[in-house]
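Naming: A, B, ... by sequence-line order, numbering from 1 per chain.
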Amino acid sequence: MSAAPAQPVGLNPAQLQAVHHLDGPCLVVAGAGSGKTRVITHKIARLLQAGLQPTQIAAITFTNKAAQEMRERTKALVGPRAAGTLVISTFHSLGVRVLREDGPAIGLKPEFSILDSDDVASLLRDAGATSDAKLARQWQWAISLWKNQGLDSDGAAAACQTDHERVAARVMKRYEERLQAYQAVDFDDLIGLPLKLLQRDEAARLKWQDRFHHVLVDEYQDTNAVQYELMKLLVSHPDPRRTDRFTAVGDDDQSIYGWRGATIDNLKRLPKDFPRLRVIALEQNYRSTGNILRAANHVIAANPKVFEKKLWSELGEGEPVRLLECDGEEHEAERAVAFIQAMRGNGGPSIKLSDFAVLYRANHQARAFEQKLRAAQIPYKVSGGQSFFDKAEIKDLCAWLRLLVNQDDDPAFLRAITTPKRGIGHQTLGKLGEFGAQWKKSLFESLFAPSLGAVLSTKAVGSLHEFGRFVNELSYKAGQTCGADDAKALLMEWLREIGYEQHLFDSEDHEKLAAARWANVLDFVDWISRRCGGEIDNLGGMSTETPKRSVLEVAQTISVIISLAERGDEQDVVTLSTLHAAKGLEWPHVVLAGVNEGLLPFKSEDDEMTPQRLEEERRLMYVGITRARQTLAVSTLRRRKRGREMVLAIPSRFILEMKLNDNPHREDPREKLRRMRQELAAKSAAFAAQAAAAAKGPGPGG
DNA sequence: CATACATGAATTTTT
DNA sequence: TTCATGTATG
């Protein structure tokens with residue numbers, strides 16, 4: 001189901017141009033399914049061929065998954081040796097790299113810690129003195145948007161419109177102070193701080209500008225203002241022959257992340273900021289049939305164009321796009337299931353379940369489809385659903401394990417020392433953080449500093465020491481304990497000592513929920529201890545005992561194991577996904593569900609629909625249509641349940657924009673009838689012949 | 001008055 | 001699915 005190179009071999013003329021333009025700024029406007037990853041990987045190969053070292057090339061993506069895929073595909077082209085040392089990473093991991101090397105120039109110790117989204121939320125609850133999780137999330141969102149626009153708390157305070165924003169800006173100020181005290185950064189800082197560094201520190205700037213001879217940026221339309229500035233600074237070079245050597249690959253028609261700070265201005269500005277810019281459009285699509293592509297082109301034609309392009313395909317007209325008109329979400333789900341069953345019935349068992357996807361605007365729409373698929377006994381997966389490892393209780397335990405491995409992991413320290421609560425509050429921790437920042441020590445190192453008594457009460461120091469001793473002892477034991485059974489015993493003992501079960505039942509008002517969480521914890525313990533080995537594995541008839549590893553060793557590899565486990569086995573199941581999460585993927589058969597006014601385009605009560613918003617919604621529709629290779633069914637509600645009665649629902653304007661009846665290649669109805677009769681006759685003849693052959697006697701193989 | 005259950009509504013997500 | 005609001009019951 002994921003993007004496979006559908007293009008036969010070689011490169012088309014536009015792709016060749018893009019690949020061979022090496023010494024100046026290059027923008028590749030890559031339509032959906034036009035082979036952009038192929039262009040990037042071939043261009044990397046070309047750059048190596050032209051004499052660049054792998055370490056002098058940086059390819060930047062937005063997700064780890066995309067980076068991984070790009071590395072794989074490059075490896076297939078240039079071999080593992082060169083591919084291994086190429087810098088292929090996300091904006092964020094490149095930022096980490098820059099900061100680990102040169103962070104001290106802007107007052108950040110190299111061992112700074114990176115807070116994840118949950119860490120940030122709890123820090124904000126703390127900084128804003130609230131227990132309201134929803135409010136904290138709102139602040140988090142606002143602060144992140146500000147940071148994505150390159151604003152700090154002062155800049156944000158100046159830009160505030162509402163009281164709510166002014167409060168958020170004040171919280172942001174406190175939040176910045178906390179981050180500084182803990183020597184921690186959030187995800188947005190991983191872009192913002194490297195930019196600040198390169199702007200302010202000339203030595204660092206020259207070093208990084210000199211390091212990369214060519215920078216490639218994937219999904220360029222998703223960059224935000226800060227990422228653009230960082231890229232611009234990174235590719236500029238004092239030597240005029242070496243400056244501005246980059247390849248930006250993107251599609252303005254697939255820009256769907258404006259709401260989180262991505263700005264299409266970055267595309268519009270590119271020709272102005274780089275007058276030598278070479279713009280190359282990839283218009284041949286290797287994914288979808290003509291009917292699907294035409295619908296997509298018609299829809300997107302209603303948007304103003306930044307760079308003119310029109311997709312075409314050599315894959316033939318294919319099947320017409322189907323329109324499913326449904327009475328309510330249940331009915332819609334039933335029809336989607338019927339669509340899948342009918343396709344599989346017609347095409348025989350050769351059509352896999354993983355060839356199907358149901359795409360929709362909002363997560364809650366998955367509910368009806370899940371229900372009907374379950375009823376039909378069709379296995380499915382919901383993309384973007386909360387993973388086992390994202391659950392709070394599992395993250396709690398992972399933090400503890402991380403701390404056992406590395407006592408200087410400050411975010412892990414903060415989470416572990418506060419879960420369960422052990423009488424050490426943010427007062428104490430704040431002091432400890434300041435102390436650590438002052439002496440350039442991790443929080444854990446600071447614990448046992450003799451001079452800590454000067455800033456903290458004896459009682460506080462006592463509980464800190466107790467925690468420290470407990471962690472040290474547990475860490476030691478974890479290093480000694482091998483094998484599944486002993487590991488499990490140790491982990492259960494540990495949970496009992498920190499009182500985790502009690503903690504769950506105390507913090508959850510519903511006993512059932514707490515019990516469910518505890519069950520997750522037990523699953524997790526099983527999962528970890530199984531990885532400590534000593535068990536009998538039965539692989540392909542070979543019975544072997546897995547090698548024994550200590551709990552500590554397993555904990556060391558936990559993040560790797562988790563990412564592998566999350567990938568999951570590529571199973572043959574139907575995909576349910578939001579349109580956003582479907583970007584970059586493709587399926588032979590796609591159902592685009594809930595294509596109604598209010599949902600797609602989305603409209604909420606309290607904000608008005610600006611033209612920009614509508615255009616982004618239209619791009620979302622475009623992304624949805626272009627996910628399909630062979631068949632596309634667009635489903636819309638004619639009626640919808642509202643309370644107990646059915647009310648009228650309005651099909652999306654985008655359906656009209658697809659101009660489904662405006663097909664120049666449409667078969668004459670009389671012609672179609674004749675063709676179908678012929679096909680039927682041929683089929684019955686074949687069937688009769690088969691039956692006759694079967695009646696004569698058993699064929700070869702019975 | 002407070003708690004429990006039912007009912008209805010619901011943007012989109014990565015690092 | 002989850003989250004919030006409203007009604008019913010103790």
Side-chain angles (χ1 to χ4, degrees), chain A residues 60-68 89-97 99 114-120 132-134 137-138 140-141 144-145 147-148 185-194 218-219 222-224 226-227 230 254-262 329 359-371 374 380-387 390-392 411 509-513 516 559 563 566 576-584 594 596-607 609 613-614 616-621 623-624 640-645 647:
Chain A
I60 307 177
T61 63
F62 273 85
T63 65
N64 288 318
K65 196 179 157 204
Q68 207 180 320
S89 74
T90 61
F91 264 106
H92 294 86
S93 26
L94 183 66
V96 173
R97 228 175 154 118
L99 291 178
I114 302 166
L115 303 184
D116 77 8
S117 188
D118 288 354
D119 299 328
V120 170
D132 184 342
K134 218 181 149 190
R137 289 281 171 194
Q138 283 173 13
Q140 192 175 1
W141 192 69
S144 177
L145 265 185
K147 286 188 168 193
N148 284 336
V185 303
D186 63 23
F187 287 127
D188 300 316
D189 291 333
L190 294 177
I191 317 292
L193 292 178
D218 192 18
E219 303 283 11
D222 289 340
T223 51
N224 62 40
V226 184
Q227 285 160 337
L230 181 62
Q254 292 186 71
S255 158
I256 54 174
Y257 284 107
W259 50 273
R260 68 177 196 205
E329 297 192 341
L359 308 181
Y360 39 79
R361 177 61 225 261
N363 281 314
H364 70 261
Q365 292 175 267
R367 192 188 49 86
F369 294 100
E370 286 191 70
Q371 201 185 344
R374 263 201 305 270
Y380 63 87
K381 66 175 173 195
V382 185
S383 84
Q386 198 198 27
S387 135
D390 289 334
K391 295 173 189 295
D509 350 342
H510 297 279
E511 205 165 296
K512 266 188 184 169
L513 278 174
S559 58
S563 59
E566 277 187 330
L576 304 182
S577 170
T578 62
L579 287 163
H580 283 92
K583 202 177 99 178
N596 277 81
E597 284 296 306
L599 201 50
L600 182 66
F602 186 86
K603 170 104 174 64
S604 77
E605 302 282 294
D606 36 70
D607 72 352
M609 176 66 82
R613 281 276 313 282
L614 180 63
E616 183 154 318
E617 296 294 312
R618 186 174 283 115
R619 291 192 290 268
L620 207 45
M621 178 75 182
V623 165
R640 115 178 348 158
K641 220 188 315 197
R642 181 139 186 150
R644 266 167 202 72
E645 69 219 305
V647 298

Measure from the side-chain heavy atoms of [X] and tell me the nearest of [options].
{"X": "A:His580", "options": "B:dT14, B:dT12, B:dT11", "result": "B:dT12"}
{"X": "A:Ser117", "options": "B:dA10, B:dT15, B:dT13", "result": "B:dT15"}
{"X": "A:Trp259", "options": "B:dA10, B:dT13, B:dT14", "result": "B:dT13"}
{"X": "A:Lys134", "options": "B:dA10, C:dA4, B:dT12", "result": "C:dA4"}
{"X": "A:Ala362", "options": "B:dA10, B:dT13, B:dT12", "result": "B:dT12"}
{"X": "A:Thr578", "options": "C:dA4, B:dA10, B:dT12", "result": "B:dT12"}
{"X": "A:Thr90", "options": "B:dT11, B:dT13, B:dT15", "result": "B:dT15"}

Rounded interatomic separation in angstrom, taking [atom1] from [X] and [atom2] from [N]:
{"X": "A:Arg367", "N": "B:dA9", "atom1": "CZ", "atom2": "P", "answer": "12 Å"}
{"X": "A:Phe62", "N": "B:dT12", "atom1": "CZ", "atom2": "C1'", "answer": "16 Å"}
{"X": "A:Leu620", "N": "B:dT13", "atom1": "CG", "atom2": "C1'", "answer": "12 Å"}
{"X": "A:Arg640", "N": "B:dA10", "atom1": "CZ", "atom2": "C1'", "answer": "11 Å"}
{"X": "A:Glu329", "N": "B:dA10", "atom1": "CD", "atom2": "C1'", "answer": "10 Å"}
{"X": "A:Leu145", "N": "B:dT14", "atom1": "CG", "atom2": "P", "answer": "16 Å"}
{"X": "A:Glu370", "N": "C:dT2", "atom1": "CD", "atom2": "P", "answer": "11 Å"}
{"X": "A:His364", "N": "B:dT13", "atom1": "NE2", "atom2": "P", "answer": "12 Å"}

Handout entry: Under 3.5 Å side-chain donor-acceptor pair for A:Gln140 and A:Arg137
Key = yes
Exercise for the section: Answer yes if the side chains of A:Asp218 and A:Thr61 hold a donor-acceptor pair under 3.5 Å, and no otherwise. Expected result: no
Problem - Sugar-phosphate, base or nothing in reach of A:Phe602, heavy atoms under 4.0 Å - result: base
Exercise for the section: Look at all strands and tell whether A:Asn363 reaches a base, only sugar-phosphate, or nothing, counting heavy atoms closer than 4.0 Å. Expected result: sugar-phosphate
Handout entry: Centroid-centroid under 6.0 Å between A:His92 and A:Phe62 rings
Key = no
Problem - Donor-acceptor contact present, side-chain A:Asp116 to main-chain A:Asp119, <3.5 Å - result: yes
Exercise for the section: Taking atom CH2 of A:Trp259 as the centre, report whether more than 12 heavy atoms of other residues, nucleotides or ligands fall under 6.0 Å from it. Expected result: yes
Problem - Under 4.0 angstrom between A:Asn64 side-chain N/O and B:dT15 OP1 or OP2 - result: yes
